Trainee: 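Okay, handing you the structure first.
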Amino acid sequence: MNRKRKYELLGGPALVLVLGHMISALEVPLDLPQPPTITNQSPKDYIIDPRENIVIHCEAKGKPHPSFSWTRNGTHFNIDKDPRVTMKSDSGTLVIDISRERAEVYEGVYQCIARNEHGTAVSNNIVIRQSRSPLWSKERNDPFVVQEGVSLILPCRPPAGLPPPIVFWMDNNFQRLPQSERVSQALNGDLYFSNVLTEDTRNDYICYARFPHTQTIQQKQPITVKVLNDSPVGERRPSFMLPPGSRSTKMVLRGEDLELECIAEGLPTPEISWSRENAELPSDRTSDHSFQKTLKIAEVTEADAGDYRCTASNVLDTVHHIITVIVKAAPYWRKAPKNLILAPRETGVLTCQAKGNPKPTVTWSMNGVPIENTPKDPSRTIDDDTITFSDAQTGSSAVYQCNVSNEYGYLLANAFVNVLNEPPRILTSLNQVYQVIRDTPALLDCASFGSPIPNITWFKEGENRVLSKDPYGLHENGTLEIHEAQPLNSGRYTCVATNDLGKKENHVYLEVKEPTRIVKQDEHKEVERSKNAVFECRVTHDPSLIPTVTWLKDSGELPDDERFVVDSDSLTITGVTEEDEGAYTCIMNTTLDQDSATAILTVVEATPPPPIVYERPDPPTDLELTDLQSRSVQLTWTPGDEHNSEIQSFLIQYEDALHQPDVWLNLTDVPGSKTTALLDLSPYAHYAFRVLALNKMGLSQPSARSQEYRTAGAAPDENPSGVEGVGTEPNNMVISWKPLTGLQSNGPELQYKVIWRLKDVDNDWSSVTVANVSKFVVSGTPTFVPYEIKVQAVNKFGSGPEPEVFLGYSGEDLPTVAPGNIRVQVQNSTLAEVHWDPVPPETVRGRLKGYRVHYWKERSLHKHHPHLEEQQVLTFSRNKTHGKLPGLHPYSLYTFNVRAFNGRGDGQHSTNQQFKTPEGVPGLPALLRVTNIHLDSVTLEWEPPFERNGLLTGYTLRYQPSEYCYT
């Protein structure tokens, strides 16, 4: 959508309250004694409608509440003697019933007087005049008969009304007469023709006058114009009809609108242009009217005085008229007097400064009486537009009137001097909450009152200093301004008002909200006729502000048509037609701000649909970080083109340039319908983010990286894992752990506090702090005793949470005794079972892992096999007290012993013991050979077996006939 968007802040109640207080005069609480103050009065020039009762407003406040009286034409107006005049209760407002009396009877100059025991205030002089709409005088209008080409003026001359009427020209059918560069109405109402044409002939040129106050319209008798062409006038050079001649003068008052008028006749019709001599026209206040014949300059200032050139030109010549503009000025304030609150013996000044042309004169009154007619007061010094009060005394309160006037008007101001002795009080509501948008000014109000005037100071919770320097600014009325509020400025603020009589404080709260931003909107959309048009309007906003959407078409409301369907973040137009073309604007409003964006809809002819191509989505764009908090951030993006396959989800990745530069890790994923995510962050990291879109075709390329966001450091949130305490020597214990990663460290200067003590023995913990290692060796420990151990992470900002206690042991030593009561039971020629008694636990000096039986064959009991065999070892678990020795050789002598072992190694072995295995079945003969084969006999030869397994007592020969025959 068009990024030339309109972004506005909406003023909430708190903001309006602050601004109102900043521009108002000092207010005295109404529970304190004070002179009257006029709060409402009718305008100086009051034109009344004779059909309605006359209401002349006058309201005032004071303590005690003031009483009211009026003067009329400079003398007391006794309203009690006029039954048609009533005064409203608790007010000075007059209501005059004119239902049975002519309104003009009550025309005159009225002034309201409000008084109490502390002084008298007076209103402006209110001039009451009845509106008038007199009838047009009877007249007979002769026809205007002219030759074609000449100039012509049709007079209007409406009756003088109050206020003056609005003039326009119409025909008998109440249709406005067409005007152009050739024919136009002057400011005085006359109708000017630069040259006439035969088509101007008609008998119904009628001038109308509308009187706005009474809403009545009167008309002049119709004027007939007859244009002859029997002797038409030829071309001629321009000349001025209004104003005549080459120079004129125009006087205007400052602040009014200046209207300069030039009407020229000639043939061809002259063109009018304007310029200013020796200066440029003020473009922001200048406009042309009536086909460039009127130049209007709004709100004239003294700088607009000077010569203005009007130029009229046609093909024959160019002529000029110089209008000298003189700017006069009724009095206007430079510094109006303001109410003055003084403590006893204080000094103060009333200033009444005004400008005007001619220079205005200044006169002072006190309580409505010219000051020269009041009693002399030595504590009061008058110097033209200034009154100085010194050594003010209780009871000297009064209302002073300053009147500045010249021939073009006057200004009247009331300002009271009130002498009070009051401790501070704060007028701003307690615990008021101010809400502002990030990067906009925040104004925190501290309206106060006291006499002497209290001194205002501000403090913020968590900051032990007076708030006076950037980014803070203190206004004269006590308002604290934060020039560009940021989220870190949120919190509680305290304003303290102090004077000689005491101190008062108040708390207010500031909430800085994230701005509302439209993040996805089309700029231009072409839709085929009869298809659907969908405008998206996705927005990011502060979570606490709920936006509402408004859609406009061509700056007006959407058509009342069921085809227009508005959703929370989209507008759908079904079955578009050419009438739907135009500019569509989405406006997202919250209570504090708004954002808007516009897109143009163009309806085109239908074209054959191209083949659908499915591709991976384009990468997201416009990544933006908002709501920047210490542990979170809001990430918003604009999806790329889906390429005909709906986006299923977005994958958010992050890089921590501080700890793992150029390494992108997955952080989270969100559904494809979302374009924003609140991301949880760790302290002390340099984050950048990117987003990938996923559809059925796969992942998009990564988006461009976001801006970098550096989180502030904090104490560790966690301690190391995998804490163990294991000894490597009998007199030490190695405490080890899995170090924290850079992202887990939360800050620089990461260290580990290693803490230990003997379990159930020591009350005090021992500790040491180490860095850049993942283990620490505790030396000088007793052998294999339990320790309670802890490891706590520490960085520049503080310590991690209280660590978990783990159980560790110092190093083991070899067992000191061998198993006793060794016994053996020979089960058969190849199996024996050994028995032993367990070793005492205190002799293990570590964790008993089991028992080992070492055994070996000393020799065979057969005289032919005297050699030794290798020692063998069988290991049995720690809860075993016996074990079998399989695979023994029969008829052999074995030696064995038993020893306990722990993590350190084997302990002492028991005394060697021996046992013999019984005879077993011998092995196969080592050799069998057949010799001397005869028909009825053979000779067999063999050798003894290698494994005799005992004393051989003979051989058994077995044979059987065979079906095979050998020759």
Side-chain angles (χ1 to χ4, degrees), residues 5 7-15 431-442 444 461-462 482 484-493 508-521 536-550 566-570 586-597 620-639 647 649-652 654 667-683 685 687-691 703 706-707 709-712 714 717:
R5 306 181 304 183
Y7 177 69
E8 297 180 2
L9 294 179
L10 305 180
L15 184 59
N431 295 325
Q432 185 164 336
V433 178
Y434 295 86
Q435 295 181 338
V436 299
I437 296 297
R438 174 171 56 83
D439 295 329
T440 64
L444 309 185
E461 187 175 36
I482 304 172
E484 291 185 357
Q486 302 298 320
L488 57 84
N489 298 129
S490 297
R492 187 177 82 162
Y493 289 78
V508 298
Y509 296 85
L510 176 63
E511 297 177 357
V512 180
K513 308 291 186 179
E514 289 298 319
T516 302
R517 291 283 188 269
I518 294 174
V519 296
K520 182 172 185 181
Q521 199 35 300
E536 291 186 282
C537 187
R538 298 185 183 179
V539 66
T540 63
H541 60 90
D542 192 275
S544 66
L545 301 177
I546 307 302
T548 58
V549 62
T550 301
V566 175
D567 205 347
S568 61
D569 57 2
S570 66
C586 167
I587 303 174
M588 284 289 185
N589 285 288
T590 69
T591 54
L592 293 181
D593 66 345
Q594 72 168 213
D595 196 11
S596 63
T621 59
D622 301 331
L623 271 65
E624 182 179 8
L625 300 180
T626 58
D627 193 17
L628 305 175
Q629 304 294 328
S630 59
R631 297 294 184 105
S632 67
V633 68
Q634 191 83 22
L635 174 64
T636 304
W637 61 89
T638 299
I647 294 177
S649 63
F650 293 99
L651 173 63
I652 301 172
Y654 75 93
L667 180 60
T668 185
D669 54 15
V670 297
S673 59
K674 301 290 186 182
T675 58
T676 183
L678 183 63
L679 307 179
D680 293 328
L681 307 180
S682 294
Y687 281 102
F689 303 94
R690 68 184 188 185
V691 184
S703 69
S706 72
Q707 68 192 80
Y709 177 47
R710 300 187 176 189
T711 54
D717 293 324

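Computed from a prediction, not measured in an experiment: that's the story for all the values here.
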Trainee: Can you measure from CD (Glu484) to CD1 (Ile482) and round to the nearest 0.5 angstrom?
Mentor: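 Spacing of CD (Glu484) from CD1 (Ile482) equals 11.5 Å.
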
Trainee: Closest approach of Thr675 and Arg538, non-hydrogen atoms and distance?
Mentor: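 Minimum heavy-atom contact is CG2-NH1, 2.7 Å.
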
Trainee: Say you draw a straight line from CD of Glu514 to OG1 of Thr540; how long is it, rounded to the nearest 0.5 Å?
Mentor: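 Result: 8.5 Å between the selected atoms.
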
Trainee: Identify the two heavy atoms, one from Asp595 and one from Arg517, that lie closest to each other, and give their separation to 0.1 Å.
Mentor: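 For Asp595 and Arg517, the tightest heavy-atom pair comes out as OD2-CA, 3.4 Å.
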
Trainee: Okay, side chain of Ser703, backbone of Val691: is any donor-acceptor separation there less than 3.5 Å?
Mentor: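 Confirmed, Ser703 side chain pairs with Val691 backbone.
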
Trainee: Which pair of heavy atoms, one from Leu545 and one from Pro547, lies closest together, and at what distance?
Mentor: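 Taking Leu545 first and Pro547 second, the nearest heavy atoms are O-CD, 3.4 Å.
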
Trainee: Which atom pair, heavy atoms only, marks the closest approach of Thr638 to Val519?
Mentor: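 So the two residues come closest at OG1-O, 2.6 Å.
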
Trainee: According to ring pair (Phe, Tyr, Trp, His ring centres under 6.0 Å), who are the partners of Tyr654, at least two apart in sequence or on a separate chain?
Mentor: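 Tyr654 satisfies ring pair (Phe, Tyr, Trp, His ring centres under 6.0 Å) with Tyr687 once adjacent residues are dropped.
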
Trainee: Would you say the side chain of Leu510 lies within less than 4.5 Å of the side chain of Asn489, judging by non-hydrogen atoms?
Mentor: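 Yes, side chains in contact.
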
Trainee: Backbone N or O of Ala688 within a donor-acceptor pair of the Ser706 side chain at under 3.5 Å?
Mentor: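 Answer holds: no.
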
Trainee: Should Asp439 and Gln486 count as side-chain neighbours, where that means a heavy-atom distance under 4.5 Å?
Mentor: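 Yes, their side chains come closer than 4.5 Å.
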
Trainee: Can Thr590 and Ile546 be said to form a side chain to side chain contact (heavy atoms under 4.5 Å, CB included), step by step?
Mentor: CA-CA 6 Å; Thr590 69; Ile546 307 302; over 6 Å; no

Trainee: Taking all non-hydrogen atoms of both residues, which atom of Val670 and which atom of Ala677 are closest, and how far apart?
Mentor: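 Between these two residues, the closest heavy atoms are CG1-CB, 3.8 Å.
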
Trainee: Side chains of Pro671 and Phe650, heavy atoms from C-beta outward: is any pair under 4.5 Å?
Mentor: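 No; the side chains remain at least 4.5 Å from each other.
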
Trainee: Apply the test side chain to side chain donor-acceptor pair (under 3.5 Å) to residues Asp627 and Gln634: give CA-CA distance (whole Å), side-chain angles for both, the deciding distance (0.1 Å), then the verdict.
Mentor: CA-CA 6 Å; Asp627 193 17; Gln634 191 83 22; over 6 Å; no

Trainee: Tell me whether Thr711 contacts the main-chain N or O of Ala685 through its side chain, where contact means a donor paired with an acceptor under 3.5 Å.
Mentor: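 Present.
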
Trainee: Could you pull out the closest heavy-atom pair between Gln594 and Ile587, with the gap in Å?
Mentor: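 So the two residues come closest at NE2-CG2, 3.7 Å.
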
Trainee: Less than 4.5 Å apart, any side-chain heavy atom of Val508 and any of Val433?
Mentor: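 Val508 does not reach Val433 side chain to side chain.
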
Trainee: Which residues pass the salt bridge (Lys or Arg N to Asp or Glu O under 4.0 Å) test with Asp717, sequence neighbours left out?
Mentor: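 Partners of Asp717 under the salt bridge (Lys or Arg N to Asp or Glu O under 4.0 Å) test: Arg631.
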
Trainee: Calculate, to the nearest 0.5 Å, the distance between atoms CG and CD belonging to Leu623 and Gln707 respectively.
Mentor: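 Here the rounded value is 9.5 Å.
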
Trainee: Which residue pairs satisfy the salt bridge (Lys or Arg N to Asp or Glu O under 4.0 Å) criterion with at least one member in residues 668-680, sequence neighbours excluded?
Mentor: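 Output for this query is empty, none listed.
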
Trainee: For the atom pair OH (Tyr709) and CD (Gln629), what is the distance rounded to the nearest 0.5 Å?
Mentor: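 One gets 7.0 Å once the value is rounded to the nearest 0.5 Å.
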
Trainee: Under the criterion side chain to side chain contact (heavy atoms under 4.5 Å, CB included), I'd like the reasoning laid out for Tyr434 against Tyr509: C-alpha separation, chi angles, the key distance, then a yes or no.
Mentor: CA-CA 6 Å; Tyr434 295 86; Tyr509 296 85; over 6 Å; no

Trainee: Please walk me through it: do Ile518 and Met588 pass side chain to side chain contact (heavy atoms under 4.5 Å, CB included)?
Mentor: CA-CA 8 Å; Ile518 294 174; Met588 284 289 185; 4.2 Å; yes

Trainee: Do Asp593 and Thr516 get their side chains close enough for a donor-acceptor pair, meaning under 3.5 Å?
Mentor: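 Yes, a side-chain donor-acceptor pair sits under 3.5 Å.
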
Trainee: Test side chain to side chain contact (heavy atoms under 4.5 Å, CB included) on Thr621 and Trp637; report intermediate values, then the result.
Mentor: CA-CA 6 Å; Thr621 59; Trp637 61 89; over 6 Å; no

Trainee: Please answer whether the main-chain N or O of Ile437 pairs with a side-chain N or O of Thr440 as donor and acceptor at a distance below 3.5 Å.
Mentor: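 Answer holds: yes.
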
Trainee: Apply the side-chain contact (heavy atoms from CB on, under 4.5 Å) test between Lys513 and each candidate in Ser544, Pro487, Ser490; give the one that qualifies.
Mentor: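 Checked Ser544, Pro487, Ser490 against Lys513; only one passes side-chain contact (heavy atoms from CB on, under 4.5 Å): Ser544.
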
Trainee: Measuring from Thr636:OG1 to His541:NE2, what's the distance to the nearest 0.5 Å?
Mentor: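 Thr636 OG1 to His541 NE2: 9.5 Å, rounded to 0.5 Å.
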
Trainee: With a 3.5 Å distance limit and no angle check, can you tell me whether Thr676 reaches the backbone of Leu635 through a side-chain donor-acceptor pair?
Mentor: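 Between the backbone of Leu635 and the side chain of Thr676 there is a qualifying donor-acceptor contact (under 3.5 Å).
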
